[in-house]
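Have a look at the structure below, then the notes.
In what follows, chains carry the letters A, B, and so on, assigned in the order in which the sequence lines appear, proteins first and then strands, with residues in each chain numbered from 1.
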Protein chains: 2
Amino acid sequence: MKIINREIGYAIKALCFMVKEKEQIVTTSYMATYFNISRPFLRKILQKLNQVGVVESCKGKRGGFKLSLSAEQIFLIDLIKIFQGPIQLSGCYDRGQKCPLIEDCPVRLEIEKIEQNFIADLKKISLKTIIDREKYSLVQEKQ
Amino acid sequence: MKIINREIGYAIKALCFMVKEKEQIVTTSYMATYFNISRPFLRKILQKLNQVGVVESCKGKRGGFKLSLSAEQIFLIDLIKIFQGPIQLSGCYDRGQKCPLIEDCPVRLEIEKIEQNFIADLKKISLKTIIDREKYSLVQEKQ
DNA sequence: ACATAATGATACTTATATTGTATCATTTAT
DNA sequence: ATAAATGATACAATATAAGTATCATTATGT
């Protein structure tokens with residue numbers, strides 16, 4: 001059970017990179033080469049981030065993406081929601097199908113308490129938190 | 001992102017059932033019919049629980065499984081570890097492969113803090129917690 | 001002794017989710 | 001016009017989860 005899947009991981013990398021470029025437009029070509037990851041995959045990720053307003057796309061030659069929000073305004077929990085949907089730690093493997101305890105499942109009731117703490121913790125983490133924490137910058141990372 | 005996958009869900013159902021049978025031996029045939037789930041799948045689950053000492057198997061005709069531990073001694077976090085391995089919320093999607101921030105990944109460092117709370121919360125939940133919480137028993141569930 | 005009914009071990013198959021690729025249309029700078 | 005970017009979307013490959021099948025072994029009951 002991981003919090004960060006590949007889409008979210010790439011999104012974080014790309015967004016952190018864009019934070020450093022501030023108002024500049026960056027292309028998926030550049031970042032894909034820079035991070036040595038799949039460009040079409042990164043494109044899909046940024047398209048999604050564009051659709052939800054985290055970044056803004058600029059079409060045409062010399063186009064690309066730039067941030068719509070500041071690092072303080074982008075939270076990890078938002079990225080999780082964008083790429084994985086709402087957090088439902090307590091979600092049942094057969095919810096809505098045949099689980100007979102659907103209303104008052106004792107397991108779910110317990111896990112929902114955990115979920116609240118978990119979400120509260122996640123809400124504290126923004127891109128800024130992450131960037132501030134970096135010892136080795138994404139630039140140094142390349143070497 | 002869910003905590004309870006199907007294996008763990010079935011394990012909880014079966015173990016809760018066995019708690020009520022106390023020292024009695026119960027068969028996978030019986031429980032599979034009772035819960036209307038796959039018998040071979042449930043067998044695999046109970047075999048695993050046997051291997052790690054949560055239940056004890058009794059071979060031969062009239063054989064089956066019985067609990068080795070009390071409801072107070074079986075924790076949700078143990079079941080998660082048994083069926084999903086160690087909890088690593090902070091696990092990187094490419095850990096050990098190519099992640100250049102492996103040592104000091106700022107994302108991981110943040111998530112590890114969340115992980116600690118999460119695990120601490122999970123450690124509080126035992127089978128007894130769950131059983132005590134039940135409004136509708138697993139028996140009533142069948143109707 | 002023998003049939004029955006259970007688990008032990010393990011390989012195989014199916015289903016689903018994740019990850020990645022390909023293509024073509026559209027847009028814009030030069 | 002051409003080049004270089006994104007938009008939209010369908011397709012493919014891979015990984016994980018879920019489920020099935022089989023045969024050996026063990027113990028019970030007659």
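In terms of heavy-atom proximity, A/Met1 sits nearest to B/Met1 at CE-CE, 4.0 Å. Between A/Ala32 and A/Ser38 the shortest heavy-atom distance is CB-C, 4.3 Å. Heavy-atom minimum distance, B/Pro86 versus B/Lys81: CA-CG, 4.5 Å. Heavy-atom minimum distance, A/Arg39 versus A/Ser29: NH1-OG, 3.2 Å.
A/Lys61 is linked by a salt bridge (charged side-chain N to carboxylate O under 4.0 Å, His left out) to nothing, counting only residues two or more places apart in sequence or in another chain. B/Asn5 is linked by a side-chain contact (heavy atoms from CB on, under 4.5 Å) to B/Glu7, B/Ile8, B/Gln84, counting only residues two or more places apart in sequence or in another chain. Residues passing the side-chain hydrogen bond (donor to acceptor under 3.5 Å, both in side chains) test with B/Arg62: none are found, sequence neighbours excluded. Taking the salt bridge (charged side-chain N to carboxylate O under 4.0 Å, His left out) definition, one finds that A/Glu115 meets it with nothing, sequence neighbours left out.
If you take CG of B/Leu46 and P of C/dG8, they are 9 Å apart, rounded to a whole angstrom. The nearest whole Å value for the distance from the OH atom in B/Tyr10 to the C1' atom in D/dA18 is 9 Å. Spacing between atom CG of A/Leu42 and atom P of D/dT6 amounts to 9 Å, rounded to whole angstrom units. One atom, CE of B/Met1, and another, P of C/dA17, lie 16 Å apart when rounded to the nearest Å. We find that CE of A/Met31 is positioned 12 Å from P of D/dA5, with the value rounded to whole Å. Distance A/Lys48 NZ to D/dT9 C1': 13 Å, rounded to the nearest Å. To the nearest angstrom, P of D/dA8 lies 16 Å from CD1 of A/Ile45. B/Phe83 has its CZ atom 11 Å from the P atom of D/dA18, to the nearest Å.
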Give me the distances for all protein-to-nucleotides 12-15 of chain D N/O pairs that come in under 3.5 Å?
none

For nucleotides 21-25 of chain C, give me every protein contact, N/O to N/O, under 3.5 Å, one pair per line with atom names.
from   : atom 1 : to      : atom 2 : distance (Å)
C/dT21 : OP2    : A/Ser38 : OG     : 2.9

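Sequence neighbours left out, not one pair with a member in residues 42-65 of chain A passes ring pair (Phe, Tyr, Trp, His ring centres under 6.0 Å).
For A/Arg6, counting side-chain heavy atoms from C-beta on, the closest listed nucleotide (D/dG7, D/dG19, C/dG20) is C/dG20.
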Listed pairs under 3.5 Å, donor-acceptor, residues 41-60 of chain B side chains, sequence neighbours left out:
from    : atom 1 : to      : atom 2 : distance (Å)
B/Asn50 : OD1    : B/Ser57 : N      : 3.2

Ignoring hydrogens and angles, write down the donor-acceptor pairs under 3.5 Å from the side chains of residues 71-79 of chain A, residues two or more places apart or on other chains.
from    : atom 1 : to      : atom 2 : distance (Å)
A/Glu72 : OE1    : A/Ser70 : OG     : 3.2
A/Gln73 : OE1    : A/Ser70 : N      : 2.9
A/Gln73 : OE1    : A/Ser70 : OG     : 3.3
A/Asp78 : OD2    : A/Phe75 : N      : 3.3

Which side-chain N or O atoms in residues 116-131 of chain A pair as donor and acceptor under 3.5 Å with protein atoms at least two apart or in another chain?
from     : atom 1 : to       : atom 2 : distance (Å)
A/Asn117 : ND2    : B/Asp121 : OD2    : 2.8
A/Asp121 : OD1    : A/Lys124 : NZ     : 3.3
A/Asp121 : OD2    : B/Asn117 : ND2    : 2.8
A/Ser126 : OG     : A/Lys128 : N      : 3.2
A/Ser126 : OG     : A/Thr129 : N      : 3.2
A/Ser126 : OG     : A/Thr129 : OG1    : 3.1
A/Lys128 : NZ     : A/Asp132 : OD2    : 2.7
A/Thr129 : OG1    : A/Ser126 : N      : 2.9
A/Thr129 : OG1    : A/Ser126 : O      : 3.3

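Proximity of B/Asn50 to the phosphate of C/dG8: a side-chain N or O atom is located under 4.0 Å from OP1 or OP2. Applying the 4.0 Å criterion to OP1 and OP2 of C/dT7, one finds that B/Thr27 has every side-chain N and O outside that range.
For the helix from C/dA1-D/dT30 to C/dT30-D/dA1, the terminal axes (five pairs an end, C1' atoms, rotation from four pairs onto the next four) enclose an angle of 0°, given to 10 degrees.
When hydrophobic clusters are built by joining Ile, Leu, Val, Met, Phe, Trp and Tyr residues whose side-chain heavy atoms come closer than 4.5 Å, directly or via intermediates, A/Ile25 is not grouped with A/Tyr34.
Among the heavy atoms of the strands lying under 4.0 Å from B/Gln51 are primed sugar atoms or P, OP1, OP2 only; no base atom is included.
Between A/Phe17 and A/Tyr30, the angle of the ring planes lies from 30° to 60°, which puts this pair in the tilted group.
Heavy-atom distances under 4.0 Å link DNA chain D to A/Ser57, A/Cys58, A/Lys59, A/Gly60, A/Lys61, A/Gly63, A/Gly64, A/Phe65 of residues 56-66 of chain A, given in residue order.
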